[in-house]
Amino acid sequence: MNEKLNLTYRPVTLDLKTTFRIAHGASDQRHNVIVYLEEGLGESAVVPYYGDTQAGIVAYLEHAASGLGDDPFLIEDILNRLPPASPAARAAVDIALHDLWGKRIGQPLYRLFGLNPQALPLTSFTIAIDEPAVMAERAAACGYPVIKIKLGSPQDEAIVAAIRQATNAKLRVDANAGWSREQAARLIPRLAEYDLEFIEQPLPAGDIEGLHWLKERLRRQKIDMPLFADESIRSAADVAAHAGAIDGLVIKLMKSGGIRAALRAIHTARALDMQIMIGCMVETSIGVTAAAHLAPLCDHADLDGPLLIRNDPFKGLRYEGGHMILPAGPGLGVEAA
Ligand code: MG
């Protein structure tokens, strides 16, 4: 008889380098939870706008720890026994199981998935909401070839104009559900003048009808601006529900509930001919490196989590400009910093 799998956890406080202001609110710190499942590492990012708390995540993990069984290779069985909510808590267990899988087999996750570690898209670097001049200065100074601009403030057009003037980088914008239908219909044709790759989450989460309406409005005005959904989409079923309403979507392990569920969402999106961006919350190198192992399946990446925090307790994914380099160690390849 094997020993029961042992899961422990450690709450961590992450200090942000600059105040992270987006349409949902501002924060200087985030409170995540690190999971240790035998020698596997996992992470749960506490995302306030999804209603998660550190205490809620810890309670989920306490519950999960009692039902893991003794065979870590039965990943599907273990995950099927876990409660669906919260996805961010579930993701920590899922990531740790995958790290453990790779470590016991002795191979990095990307190899177990049959993916090419050289085939990662560039990552964007995020500029949080501030005064237009401050955001432009940060965009010019960051040195990243792809920049993501957070919008959803009263100065959205001035922000994009200032940043466009300050840099030749590729620009994508994220409204974080900050616009009404009418605001989006008015703003997007103006923002289209500034050579943007795409617009993320223009409307409130769940307004699928609004996305159809907005796409039709833009099509009639001959505005060619791809619309991506982020907050609207967590599961593969959500992806299917958005068929025809969006051009692309953002996959995050903390939204989907881990690597397993993210893969289902990725394959569903591909079947529907959607573009895919792999993204992250404010996470340490554990969560972000886990996501990066799936990046070869995606068209775009927004995996700058560790770049935004001052005190990452781990090291894994490395950055050279916008290029990401996956660690070659088994599992996630993440170690203590
Ligand atoms: Mg987003």
Side-chain angles (χ1 to χ4, degrees), residues 35 40-45 47 75-76 79 87-88 90-103 105 107-124 126 146 148 172 200 228-230 233-240 248-307 314 316-319 322-334:
V35 159
L41 292 170
E43 176 177 8
S44 183
V47 186
I75 297 177
E76 289 283 344
L79 293 174
R90 193 180 164 83
V93 181
D94 169 286
I95 293 167
L97 283 167
H98 282 86
D99 188 32
L100 185 56
W101 179 41
K103 282 172 171 157
I105 302 263
Q107 293 291 335
L109 276 185
Y110 62 78
R111 277 185 75 86
L112 295 176
F113 288 132
L115 300 174
N116 179 355
Q118 310 297 330
L120 274 63
L122 295 172
T123 181
S124 47
T126 301
V146 188
K148 174 155 133 175
R172 51 184 68 151
E200 215 181 299
F228 277 44
D230 180 3
I233 289 182
R234 300 184 75 152
S235 66
D238 294 335
V239 178
L249 79 169
V250 186
I251 305 261
K252 295 176 184 167
L253 302 186
M254 298 301 152
K255 290 193 301 177
S256 60
I259 291 171
R260 226 60 175 182
L263 281 168
R264 280 196 288 276
I266 286 171
H267 295 310
T268 307
R270 279 290 177 237
L272 295 167
D273 207 22
M274 294 175 185
Q275 293 185 59
I276 300 166
M277 176 154 82
I278 183 99
C280 62
M281 304 297 182
V282 176
E283 296 167 24
T284 75
S285 284
I286 294 178
V288 172
T289 304
H293 279 275
L294 302 184
L297 291 169
C298 304
D299 308 294
H300 311 280
D302 179 30
L303 293 175
D304 59 354
L307 301 172
F314 299 94
L317 187 66
R318 288 188 302 115
Y319 302 86
H323 294 275
M324 300 185 290
I325 301 131
L326 276 166
L332 299 174
V334 168

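These numbers were taken from a predicted model, which means no experiment stands behind them.
Nearest heavy-atom pair, Ala91 versus Met254, reported as atom, atom and distance to 0.1 Å: CB-SD, 4.0 Å. Pro330 and Gly102 make their closest contact through CB-O, 3.6 Å (heavy atoms, listed as atom of the first residue, atom of the second, distance). Contact record, Gly316 with Val334: CA-CG2, 4.1 Å, taken as the closest heavy-atom pair. Shortest non-hydrogen contact noted between Ala45 and Ala88 is O-CB, 3.5 Å. Across all non-hydrogen atoms, the minimal contact from Ser256 to Pro87 is C-CB, 4.2 Å. Between Ala262 and Ile251, the closest heavy-atom pair is CB-CG2, 3.8 Å.
Remark: Glu283 engages no residue in a side chain to side chain donor-acceptor pair (under 3.5 Å) (not counting sequence neighbours). Scored by the side chain to side chain donor-acceptor pair (under 3.5 Å) test, Arg318 finds no partners at all (sequence neighbours excluded). In terms of the ring pair (Phe, Tyr, Trp, His ring centres under 6.0 Å) criterion, residue partners of His300 (sequence neighbours excluded) are, by chain and number, Phe198, Phe228. For Tyr319, there are no ring pair (Phe, Tyr, Trp, His ring centres under 6.0 Å) partners, not counting sequence neighbours. The side chain to side chain donor-acceptor pair (under 3.5 Å) check on Glu76 picks up Arg260, with sequence neighbours excluded.
For the pair Lys255 and Val47, the minimum side-chain heavy-atom distance is 4.5 Å or more. Between Ile276 and Leu249 there is a side-chain heavy-atom pair separated by less than 4.5 Å. Annotation: side chain of Ile105 is in contact with side chain of Leu112 (closest heavy-atom distance under 4.5 Å). Inter-residue side-chain proximity for Ile95 and Leu41 is flagged as unmet; no heavy-atom pair is nearer than 4.5 Å.
For Asn116, the CG atom sits in a packed shell: over 12 heavy atoms of surrounding residues, nucleotides or ligands are nearer than 6.0 Å.
A distance-only check finds no donor-acceptor pair linking the side chain of Arg90 to the backbone of Gly258 [under 3.5 Å]. Looking only at distances, no side-chain donor or acceptor of Arg111 sits under 3.5 Å from a matching main-chain atom of Leu115.
Defined by atom type and a distance below 3.5 Å, a donor-acceptor pair is missing between the side-chain atoms of Asp304 and Thr123.
Separating the CD1 atom in Ile286 from the CZ atom in Phe314 is a distance of 3.5 Å, to the nearest 0.5 Å. Leu307 contributes atom CG, which lies 9.0 Å from atom OG1 of Thr126 (distance to the nearest 0.5 angstrom). For the atom pair NE2 of His98 and CG of Leu100, the computed distance is 11.0 Å after rounding to the nearest 0.5 Å. Of the inter-residue distances, the one linking Ile325 atom CD1 with Leu120 atom CG reads 9.5 Å to the nearest 0.5 angstrom. Of the inter-residue distances, the one linking Lys252 atom NZ with Leu303 atom CG reads 10.0 Å to the nearest 0.5 angstrom.
The pair Lys103-Asp99 meets the salt-bridge criterion, since a charged nitrogen lies less than 4.0 angstrom from a carboxylate oxygen. Salt bridge present: Asp299 and Arg270 bring a charged side-chain N and a carboxylate O closer than 4.0 Å.
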Identify every side-chain donor-acceptor pair in residues 287-297 under 3.5 Å, counting partners at least two apart or on other chains, and give the distances.
residue, atom, partner, partner atom, Å
Thr289, OG1, Ser285, O, 2.5
Thr289, OG1, Leu317, N, 3.0
His293, ND1, Tyr110, N, 3.1
His293, NE2, Leu332, O, 3.0

